[in-house]
Structure formats: C-alpha cells, structure tokens
Amino acid sequence: MSRSCDLAVVGAGPAGIAAACEAREHGLAVLVIDEQHAPGGQIYRDIEKNVRSGDRIGGILGPDYLRGHELVEEFRRSGADYLPGAAVWRADADGALWISREGRTEQIRFRRLILATGAMERPVPMPGWTLPGVMGAGGAQVLLKSSGLVPEGRVVLAGAGPLLLLVAQQLVGAGCTVAAVLETTRIADYLAAAPTLPRALAAPMYLRKGLAMRRRIAAAGVPILGAVEGLRIEGDGRAERVRFRRRGKEADLAADTVLLHQGVVPNVQITRQLDCEHVWDGRQRYWKPVRDEWGNTSIDNIAVAGDGGGIGGAEAAAVSGRLAALEAAHRAGSLSRDERDARAASLRRGLARHLAIRPLLDTLYRPASEVLTPPDDTTIVCRCEEVTAGMLREGVALGATGPNQLKAYLRCGMGPCQGRLCGLVVSEVIAATRGVPVPEIGYYRIRPPIKPITLGELTALEQ
Amino acid sequence: MFKRLPDGDEPPISFEFEGQRIAARPGDSVAAAVLAANPGYTRTTPVTGAPRQPYCLMGICFDCLMEIDGVPNRQACLIEAREGMKVRRQEGAVGLFSE
C-alpha cells in the first residue's frame, strides 16, 4: 500500500498542525501523520474531548491549555489530510516515509517533509526511578488530560522546570495530596539567571504565569523546597519514600507516587535515523538537528519545526511550523521569495517574543548535574537493559570510547526504546569519564525500524 | 494508584486484564485503563524480572509494553482500550515460539 503527497508533516502538535494550516492557505496538498488518536500533540493532548466535556478537567488544566483548541479547530477546517494512530518506523531521505497503522504498513512518498515530532521529558535517572509508582510529571499530566486520572495517596514531585510546577498546581487543583515539590534548583542558579531577567521582561506573561503557579501551590499548603540534592526513591516493589539532602541534612518523605521532571529535550529519533546533521547544545545539554531560519535540515526537502528542533514551547512551535510551511510553499512555487519573506517578517517578531523567556528558563532550570551524570553507580541508566551508571563507567575504563562501542559491550541502547531514554545520559557519562566534551563522544547510531512492526506487515508489502 | 475525576456520561468500556474484567472510559489508552485498576505492575523486565509500570505515557520509554489480544510488545499507552480486549502483563522477554 502506498500513497504520495506534496507535503508530509509528521506530528500533530502545535508545530505540525500550524504548518499544515499555513501550507493549506497557500494551496499545498498536505498529509499530517501522527501517532496519537487526536490532534494536539502532548501539550494540547485530548483537547477536543476536554473542551467538549465541560469545565471540570479543562478548568484544572488551565486557560493556556484550552487556548490550543483554536489551532486544532483551524487544523480540522484546513482541508489537510490526516492519518492518526500512525507510527513512522522508517524515513528515507529520497522521499519516503514508512508508517505502521492498525497492524499494516504503508509507504508514503513525499516531495517535502516537515518533521514536527516535538519534545520528550529528559530522563531523570536516580536510584529507584524504575520502581512502579514513579513516572514523569508530564506522564502524569497525560493521564489527567486523556483519562481524567490523578494519583491517589501522597504525591511528591521532584526536579526542576516549569512543567514540574504546572503539574503540581494542576494536581493540587484536582484535589490530590501533594506532600511537597522538591526542586533541585539552587541559589547559584537564581544568581546565574539574574542577568537574563531584562530580556525575559519582553515576555512578561511567562514570568507572571511562573510566579502565579508558585503562589497557588504555596497557598494550598504544599512546601516547595529548593536546593535539593542526592534524590533517591526507595520501596519494596514500588515507590514508598523519597530520600534527599538539603542544606547538608538528610531528609525523607513518604510517597505513593513520585513524579520526576528535569525539563524537556527534542525528540530526534527520526532526524537521527535519517542521518541529519545534529549539533550539541552545550547550555541546554541536548542534541538538536542543524537547521536554517526556515527549519531546513542538512537534507534537502526535509525540515524540522517546533520543539523537535530545539525547545521553545508551544507558541514558538506554532510559529516555527508556519515558517517551515512558508518555505515549503515557496519551494513548491506557490509563493515568491518576497511574498514568503513578507509573511514571515511578522511571524518572526512573534517568535522572538516567545523565545525571550528561554535564556531565563534555560539558565534557572538547567538540568541538575546528578541527572546528567548520576553519581551513584547503582543508578539504572538504560532502563530497558538495566545498565547502571557504574557499568557504563567500567565499560569506558575497559576501553569503550563512545556510545556505539559501549552498546556492543553492555547492550545499553539496544532495548525497545532504542536509546530514547538513555542516550543523553550515556553520552554525558562517557564524556565525563573520559574528560572530553560531549560533541566528541557523539550519540547512538539509530537504525530503522524505529517503532515496532511485525514480520507480517513486511511480508504483506507489495513490491 | 490512580483515581478518576468525574467527567461526562459516556458508558464505560469493559475489557479483561489478567483475566479480570475492568472498566475503562472511552478514549483511555490501555495503559491508562490498566493503571486505573491498580495493577501493582504491568510488566517485568527481561534482564532481572524487575516490576515496572508505564513511565512516560507518550510512546517514548517502552515501559508500558503489554500483551494485547495475544500480541506482545505493544505500547499500551498508544493503543486505545476497546470493548472485549484481552490484556496481560508482559513477563520478561517475549519468546519467539508459543508453547
């Protein structure tokens, strides 16, 4: 089975659907492919359902979430073709996507591709993080958005970043017992972030929102404890308590659910599989595809829009999607260079405003060094194959110079997640152990299939 | 351990987890519906047999692998719960040949 399109978009989050809307305005035939069953990505997940069903869950999630409904409605009206529930398991630079949908594989030929795969939560390795009862704060938010589920019992949130506070606020609003928010952010991080404040004032709505979240959490009687380190989770077969150090003193909290978060990072699995050029962002500690100002990657006719190219948030992602679509329209001959640039000018001004908050967020909420290079050797780094930080360090001592070699020694990165969760940490640990910068170490080589498929799907393919 | 916020009036979906009937809300992923039923764990790891539950809920971590309608290695967080589904925990590694 195969079909073709002028413009394929992978991802139905804000970047992908904004790209589709913009491309449709300029007359392109667009096909949007997404793994989830409804548009919105993660940030606006299940928004159509939550807007329909009345106030309760929407009210808990808040107005920024609900505002995403406008963009989703625009997408539904746009006339773009849409394939939900479709996982891309292979992408070819010469113009093909291979998708798996309802147990069948299909090939999609494209003239141009916009990848809008968004972000994922940075892995937060610590002793005990693989226990049942521990999940990403974003994961808990998905359960709230998609299923109206909230954790029962005592909840502890730990880590850093705006999403940590947002989820804490939402759970408090949903009536959960939030025992504490443990922030790894230190005084030194506030001091380092102070010079970024003037620029951040260009986007005051983000600052106001951050302060309001803290106020609401504190008003509910939930302690927000900063400068937390030495986090670890303990329990018999499931999470039962969180231990940590603060101001030189050991402490622990009973917990039934522990939600971890240390920011989000670009989901680069498809760009890696395509062998796009990537660059290491040393400040934000992640890899991102090399792009120009239109999102073009190092591969002709393939662009990246949104958080998949570097974290900027939902509003910036939508603008980024539109810019990539303008470029697509120009390349397809629907827009002259001048028309493209004129339309882009006002979009870029909006983008600059939304990105003004990033230096402050990136400096204040820089990932704690303990989650980049876990100090405790017993910490599982590769969750799939249960490879610990100590095993990684031993492998480097035995002569492994990079992640692909270490993979051959230890199987880290060989499990089903294909390095999505361990890749960043493995690169950092090797770099730190060898005393060289991360870019010299590199990353896993990613090969298709990047999502599970059955042999039956392959044998059913017509040649 | 999760509880449901009251919402909508849609009739629940019923499916089986480990042979027990459990209720799901329309639109639930299998992972969400199983978590709501307090399963303790949803898979054990191939290497050490350690208990796991879904972690990221968005298709990245693969800790939500379960056997759904006889097919193992399925990312339960990406599959919508359907009436009459039969879901089991994934215990250890999946064998190539069934008994």
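Every chain is numbered from 1, with letters handed out A, B, ... down the list of sequences. Worth knowing before you read on, the calculation uses all heavy atoms, side chains too, and leaves out hydrogens, waters and symmetry mates.
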Original post:
Can you name the closest pair of heavy atoms from A:Gly133 and B:Gln53 and give their distance?
Top reply: N-OE1, 3.5 Å

Original post:
Where do B:Met1 and A:Arg238 come nearest, in terms of heavy atoms and distance?
Top reply: N-NH2, 4.2 Å

Subject >> Spatial distance of atom OH (B:Tyr41) from atom CG (A:Leu131) [nearest 0.5 Å] >> reply: 14.5 Å

**OP:** Measure the CD1-CD distance between B:Ile60 and A:Glu35 for me, rounded to the nearest 0.5 Å.
**Re:** 7.5 Å

Original post:
Quick one: OG on A:Ser146 to CD on B:Glu80, what's the gap to the nearest 0.5 Å?
Top reply: 9.5 Å

Original post:
Which answer fits A:Val142, side chain, backbone, both or neither, if we ask what part of it has an atom under 4.5 Å from a heavy atom of chain B?
Top reply: side chain

Subject >> Top contributor to chain B interface from A:His37, A:Arg383, A:Gln42 [non-hydrogen pairs under 4.5 Å] >> reply: A:Arg383

**OP:** Taking all non-hydrogen atoms of both residues into account, name the closest pair between A:Gly237 and B:Pro51 and its distance.
**Re:** O-CG, 4.0 Å

**OP:** Output the option from A:Glu385, A:Arg420, A:Gln418 having the highest count of non-hydrogen pairs under 4.5 Å with chain B.
**Re:** A:Arg420

Original post:
Looking only at heavy atoms, which two atoms of B:Lys3 and A:Gly175 are closest? And how far apart?
Top reply: NZ-O, 4.0 Å

**OP:** Select one option (side chain, backbone, both, neither) describing which atoms of A:Val124 are under 4.5 Å from chain B's heavy atoms.
**Re:** both

Subject >> Shortest non-hydrogen contact between A:Cys384 and B:Val47, atoms and distance >> reply: O-CG2, 4.5 Å

**OP:** Looking only at non-hydrogen atoms, find the nearest pair between A:Ile380 and B:Arg52 and report the distance.
**Re:** CD1-NH2, 4.3 Å

Original post:
More than 12 foreign heavy atoms under 6.0 Å from CD of B:Glu83: is that the case here?
Top reply: yes

Original post:
Out of curiosity, B:Arg4 CZ to A:Glu152 CD, how far, rounded to the nearest 0.5 Å?
Top reply: 12.0 Å

Original post:
Given a strict heavy-atom distance threshold of 4.5 Å, which part of A:Asp46 is in contact with chain B: side chain, backbone, both, or neither?
Top reply: neither

**OP:** With rounding to the nearest 0.5 Å, note down the distance linking SG in A:Cys417 to OH in B:Tyr55.
**Re:** 11.5 Å

Subject >> Segment of B:Pro54 engaging chain A (4.5 angstrom heavy-atom cut-off) >> reply: backbone

Subject >> Spacing of B:Leu5 atom CG and A:Leu143 atom CG [to the nearest 0.5 Å] >> reply: 11.0 Å

Original post:
Do the side chains of A:Glu121 and B:Cys56 get nearer than 4.5 Å, heavy atoms only?
Top reply: no

**OP:** Say whether, by atom type as modelled, one donor and one acceptor occur between the side chain of B:Arg74 and the main chain of A:Pro452 under 3.5 angstrom.
**Re:** no

Original post:
Which bit of B:Asn38 is near chain A, if near means a heavy-atom gap under 4.5 Å: side chain, backbone, both or neither?
Top reply: neither

Subject >> Heavy-atom pairs under 4.5 Å with chain B, option from A:Met135, A:Arg45, A:Arg411 with the top count >> reply: A:Met135

Original post:
Would you say A:Lys451's side chain and B:Gly59's backbone share a donor-acceptor pair under 3.5 angstrom?
Top reply: yes

Original post:
For the candidates A:Gly153, A:Gly136, A:Gly139, A:Ser147, which exhibits the highest count of non-hydrogen atom pairs separated by less than 4.5 Å from chain B?
Top reply: A:Ser147

**OP:** With a 4.5 angstrom heavy-atom cut-off, could you sort out which part of A:Leu421 is near chain B: side chain, backbone, both or neither?
**Re:** side chain

